[in-house]
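Below is one structure, written out as structure tokens, with a few remarks after it.
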Amino acid sequence: MNLSEYTYYLVRQIPKGRVSTYGAVAKALGDKNYARVVGLYMNRNPDANTMPCFKIVCSDGSLGGFGLGLPDKIRRLQNEGIQVRKGKIVDFDSVFFDGFQTMYPLKKRKS
DNA sequence: ATTGGGGCCTCCG
DNA sequence: TCGGAGGCCCCAA
């Protein structure tokens with residue numbers, strides 16, 4: 001399993017109605033510096049059916065970006081009952097998910 | 001609130 | 001194949 005596949009695996013762990021952040025995923029990957037790379041993976045694979053990248057937001061609760069356009073991201077979030085006001089997640093602390101199940105710490109590149 | 005440095009991958013020429 | 005530029009960012013100052 002390569003890095004991008006492992007990233008998708010983690011993102012799919014986010015329960016319905018919850019969100020997580022680029023940084024949280026990066027930390028689950030083993031290094032917070034992966035945050036930007038996580039964003040790239042999201043942008044590269046904007047298929048919301050297999051990879052709910054709309055559930056990944058910035059660590060301060062703001063939305064971040066979205067390859068298909070932010071309005072679409074907001075719509076998808078609200079579909080799961082997540083409220084968005086003024087470009088931020090409402091009650092961010094209570095919907096934030098950081099309970100990723102990491103099989104192994106992926107510190108370095110894996111084949 | 002704003003700024004800038006960080007350090008890793010992917011993309012495209 | 002090689003190299004440089006940039007990214008759906010984060011955090012400490």
Side-chain angles (χ1 to χ4, degrees):
Chain A
M1 168 146 57
N2 61 35
L3 189 59
S4 63
E5 288 170 342
Y6 191 55
T7 301
Y8 302 149
Y9 163 76
L10 290 175
V11 171
R12 281 193 293 266
Q13 289 182 18
I14 303 172
K16 198 172 177 70
R18 311 284 296 280
V19 299
S20 194
T21 71
Y22 300 99
V25 173
K27 272 182 281 188
L29 289 173
D31 191 334
K32 64 184 178 185
N33 296 330
Y34 280 107
R36 306 172 92 174
V37 182
V38 171
L40 283 185
Y41 289 148
M42 304 298 144
N43 184 45
R44 196 162 70 88
N45 198 344
D47 184 353
N49 295 318
T50 62
M51 236 290 293
C53 58
F54 63 91
K55 299 173 79 166
I56 303 294
V57 298
C58 293
S59 62
D60 64 352
S62 60
L63 290 178
F66 195 58
L68 303 178
L70 282 179
D72 196 49
K73 184 170 188 173
I74 295 172
R75 209 162 47 240
R76 291 173 184 278
L77 286 171
Q78 292 180 335
N79 263 348
E80 297 211 351
I82 299 164
Q83 301 303 314
V84 179
R85 303 278 156 91
K86 315 286 187 189
K88 287 214 172 195
I89 302 295
V90 174
D91 205 2
F92 177 57
D93 291 336
S94 64
V95 296
F96 175 58
F97 171 79
D98 194 22
F100 291 110
Q101 203 174 7
T102 62
M103 307 181 293
Y104 52 90
L106 190 58
K107 287 182 181 167
K108 312 248 176 175
R109 279 184 274 168
K110 304 221 51 154
S111 53

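Throughout, protein chains are lettered first and strands after them, A, B, ... in sequence-line order, and every chain is numbered starting at 1.
Here the closest heavy-atom approach between residue A:A24 and residue A:T21 is recorded as N-OG1, 2.9 Å. For the pair A:S59 and A:F92, the tightest heavy-atom approach, listed with the atom from each and the gap, is O-CE2, 3.6 Å. Residue A:I82 comes nearest to A:R18 through the heavy atom pair CD1-O, 3.9 Å, listed as atom of the first residue, atom of the second, then distance. When every heavy atom of A:G64 is checked against every heavy atom of A:Y22, the shortest pair comes out as CA-OH, 4.3 Å. The minimum heavy-atom distance between A:T102 and A:Y6, with the atom names listed, is CA-OH, 3.5 Å.
Every stem involving DNA chain C, taken as at least 3 paired positions in a row under the Watson-Crick or G-U wobble test at 3.5 Å, is listed here: B:2-6 with C:9-13, B:8-13 with C:2-7.
If you take CE of A:M42 and C1' of B:dC9, they are 13 Å apart, rounded to a whole angstrom. Atom P of nucleotide B:dG5 and atom CG of A:N33 are separated by 16 Å, given to the nearest angstrom.
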Show me, pair by pair, the donor-acceptor contacts under 3.5 angstrom made by side chains of residues 8-17 of chain A, not counting sequence neighbours?
unit_1, atom_1, unit_2, atom_2, d
A:R12, NH1, A:T50, O, 3.3
A:Q13, OE1, A:Q101, N, 2.7
A:Q13, NE2, A:Q101, O, 3.2

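Counting only residues at least two apart or on different chains, the salt bridge (charged side-chain N to carboxylate O under 4.0 Å, His left out) pairs with a member in residues 50-74 of chain A are A:K55-A:E80, A:D72-A:R75, A:D72-A:R76.
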Pair A:M51-A:T7, side-chain contact (heavy atoms from CB on, under 4.5 Å): steps then yes or no: CA-CA 10 Å; A:M51 236 290 293; A:T7 301; 6.0 Å; no
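Not counting sequence neighbours, the partners of A:V95 by the side chain to side chain contact (heavy atoms under 4.5 Å, CB included) test are A:V19, A:I89.
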With the criterion being N/O to N/O and under 3.5 Å, what pairs connect the protein with nucleotides 10-13 of chain B, and how long is each?
unit_1, atom_1, unit_2, atom_2, d
B:dT10, OP1, A:Y41, OH, 3.1
B:dC11, OP1, A:R44, NE, 3.1

Using atom names, set out every protein N or O paired with an N or O of nucleotides 10-13 of chain C below 3.5 Å, distance rounded to 0.1 Å.
unit_1, atom_1, unit_2, atom_2, d
C:dC10, OP1, A:G23, N, 3.0
C:dC10, OP1, A:S59, N, 3.4
C:dC10, OP2, A:S59, N, 3.2

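Here the straight-line distance linking atom CD1 of A:I74 with atom CZ of A:F54 works out to 13.0 Å at 0.5 Å rounding.
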